[in-house]
Number of protein chains: 2
Amino acid sequence: MNIGDVSRQSGLPAKTIRYYEEIGLITPQRSANGYRVFREQDLHKLAFIGRARALGFGIEDCRGLMKLYEDTDRSSAEVKQIAEEHLTEIDRKIVELTGMRQTLTRLVHACAGDDRPDCPILADLSAQQAEG
Amino acid sequence: MNIGDVSRQSGLPAKTIRYYEEIGLITPQRSANGYRVFREQDLHKLAFIGRARALGFGIEDCRGLMKLYEDTDRSSAEVKQIAEEHLTEIDRKIVELTGMRQTLTRLVHACAGDDRPDCPILADLSAQQAEG
DNA sequence: CTTGACCTTACAGTTACTGGAGCCCTTATC
DNA sequence: GATAAGGGCTCCAGTAACTGTAAGGTCAAG
């Protein structure tokens, strides 16, 4: 199977698949003409990585999770720890973004959005006025 | 005022302030010994940028917002548009992260986290089983 | 005169790709 | 045999917004 087919089947861009090989996440074989040849295990790994990435895991987490997946002597505690740390990070980001959204929403609603220069958004950013 | 004082006063790392100069957001003067000399307007700009960044605006948005702030002929509509687009992006990210959190939370709860290898998290990532 | 805190520049590294240039392989068509 | 289309290949540069590090200049105190 060539990289184009794998790309269509996995939904990952060919460039990304080459990148994953470069950083050692997969090691497809090569045919005589130098083309990458992907086997079932490569497809499976790519699907695994794709799903982990979709859950927001970083590349190094993906590497760790794959290693654990392949290690039948693993403890589920190791896996859970990676997931919990990631979950904590996600929660942190949600809190951060929610705070931004709250302030921004208030400012956007306060702004007339017309052709006059008066703007509560700029006023807030320049913070010339007292706290509200 | 030297960069160290500005850093303490603005809460921005000195490195970041130098970076902001490099990309043209601020243009502090220089004293004879080559040190950067910051004036009131520089401090004000840095505070503006700091608050915009805290709301998640990208650097180019900050540049645009500062330009509008300094342009007394601006329309508030221009400012509002930048803010609304950013707000949309924030909402998109929150939705994405919330989806991740939901799935991850379910998986983490399903995982025993003990010394046995059985792990619903890995099972889900490898997707050998049917959808649940 | 040295120590320590401060400042300077320049360069590399971070994350996870993405884009582009320049070139090779294969197959079909003229 | 030439050529064009549609793959594939490598290598290099760029993205966002800094951050780290090295090597060195400046300044006040003791």
Side-chain angles (χ1 to χ4, degrees), chain A residues 1-38 42 45-46 48-66 82 85-86 89-90 92-93 96-97 100, chain B residues 1-38 42 45-46 48-66 82 85-86 89-90 92-93 96-97 100:
Chain A
M1 217 176 180
N2 282 350
I3 199 166
D5 307 305
V6 176
S7 173
R8 274 179 292 276
Q9 199 171 110
S10 66
L12 297 169
K15 278 235 115 163
T16 299
I17 298 170
R18 288 194 196 98
Y19 171 70
Y20 286 166
E21 180 191 19
E22 192 187 324
I23 62 175
L25 285 183
I26 52 169
T27 48
Q29 296 182 315
R30 297 287 179 134
S31 68
N33 61 13
Y35 286 18
R36 288 170 184 80
V37 177
F38 295 82
D42 300 313
K45 276 191 182 188
L46 284 172
F48 186 101
I49 297 164
R51 276 186 290 266
R53 295 284 302 126
L55 286 180
F57 285 106
I59 290 288
E60 290 314 310
D61 276 350
C62 291
R63 203 190 296 276
L65 289 168
M66 279 217 313
I82 293 175
E85 279 168 13
H86 180 44
E89 185 59 18
I90 285 178
R92 197 194 58 70
K93 284 182 184 164
E96 183 182 9
L97 287 168
M100 290 175 181
Chain B
M1 216 175 181
N2 282 349
I3 200 166
D5 307 307
V6 176
S7 173
R8 275 179 290 275
Q9 198 170 111
S10 67
L12 297 168
K15 277 239 111 164
T16 299
I17 299 171
R18 288 193 196 101
Y19 171 70
Y20 287 166
E21 180 190 20
E22 191 187 323
I23 63 174
L25 284 184
I26 53 169
T27 48
Q29 297 182 317
R30 296 291 178 131
S31 67
N33 61 15
Y35 286 18
R36 289 169 182 81
V37 176
F38 295 83
D42 299 312
K45 275 192 181 186
L46 284 173
F48 186 101
I49 297 165
R51 276 186 289 268
R53 295 283 302 126
L55 286 179
F57 285 105
I59 290 288
E60 290 315 310
D61 275 350
C62 291
R63 203 190 296 276
L65 289 168
M66 279 218 310
I82 293 176
E85 280 169 12
H86 180 44
E89 184 60 18
I90 284 178
R92 197 193 57 67
K93 284 182 186 166
E96 184 182 8
L97 287 169
M100 290 175 183

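On a predicted model such as this, the values are computed, not experimentally measured, just so you know. Per chain, numbering begins at 1; letters A, B, ... match sequence-line order.
- When rounded to the nearest whole Å, the span between CD of B:Glu60 and P of D:dA17 equals 8 Å.
- Look at A:Arg53 and you'll find a side-chain N or O under 4.0 angstrom from OP1 or OP2 of C:dC17.
- Taking side-chain N and O atoms only, A:Arg36 has no distance below 4.0 Å to OP1 or OP2 of D:dG8.
- Separating the CD atom of A:Glu21 from the P atom of C:dA16 is a distance of 18 Å, rounded to the nearest angstrom.
- Heavy atoms of A:Ile23 sit nowhere under 4.0 angstrom from any nucleic acid atom.
- We find that OH of A:Tyr35 is positioned 6 Å from P of C:dT26, with the value rounded to whole Å.
- Nucleotide D:dA16 holds its C1' atom 16 Å from the CD1 atom of B:Ile49, rounded to whole Å.
- Picking from D:dT19, C:dT18, D:dC9 the nucleotide with the shortest atom distance to the side chain of A:Lys15 gives C:dT18.
- The residue B:Phe57 sits apart from the nucleic acid: no heavy atom pair falls under 4.0 Å.
- The side chain of A:Arg63 contributes no N or O atom lying less than 4.0 Å from OP1 or OP2 of C:dA16.
- Contact between the side-chain N/O atoms of B:Tyr20 and the OP1/OP2 oxygens of D:dC18 is found at a separation under 4.0 Å.
- Dashed line: the shortest gap from a side-chain N or O of B:Asn33 to OP1 or OP2 of C:dC7 is not under 4.0 Å.
- In this structure, A:Asn2 atom CG and C:dC24 atom C1' are separated by 14 Å, rounded to whole Å.
- Taking a cutoff of 4.0 Å between a charged side-chain nitrogen and a carboxylate oxygen, A:Arg92 and A:Glu89 qualify as a salt bridge.
- Residue B:Thr16 places no side-chain N or O under 4.0 Å from the OP1 or OP2 atom of D:dA17.
- In this structure, A:Arg8 places its CZ atom 10 Å from C1' of D:dG6, rounding to the nearest Å.
- With salt bridges taken as basic N to acidic carboxylate O contacts below 4.0 Å, one links A:Asp5 and A:Arg8.
- As rounded to whole Å, 9 Å separates atom P of D:dC18 from atom CG of B:Leu25.
- The nearest whole Å value for the distance from the CD1 atom in A:Ile3 to the C1' atom in C:dT18 is 14 Å.
- Looking at A:Arg63, its side chain does come within 3.5 Å of a backbone N or O of A:Ile23 through a donor-acceptor pair.
- Between B:Arg30 and D:dT26 there is no side-chain polar atom (N or O) within less than 4.0 angstrom of OP1 or OP2.
- Here the closest non-hydrogen pair linking A:Ile90 and A:Leu55 is CD1-O, 3.9 Å.
- Salt-bridge formation is not detected for the pair A:Glu96/A:Lys93: no Lys NZ or Arg NE/NH1/NH2 atom is positioned less than 4.0 Å from an Asp or Glu carboxylate oxygen.
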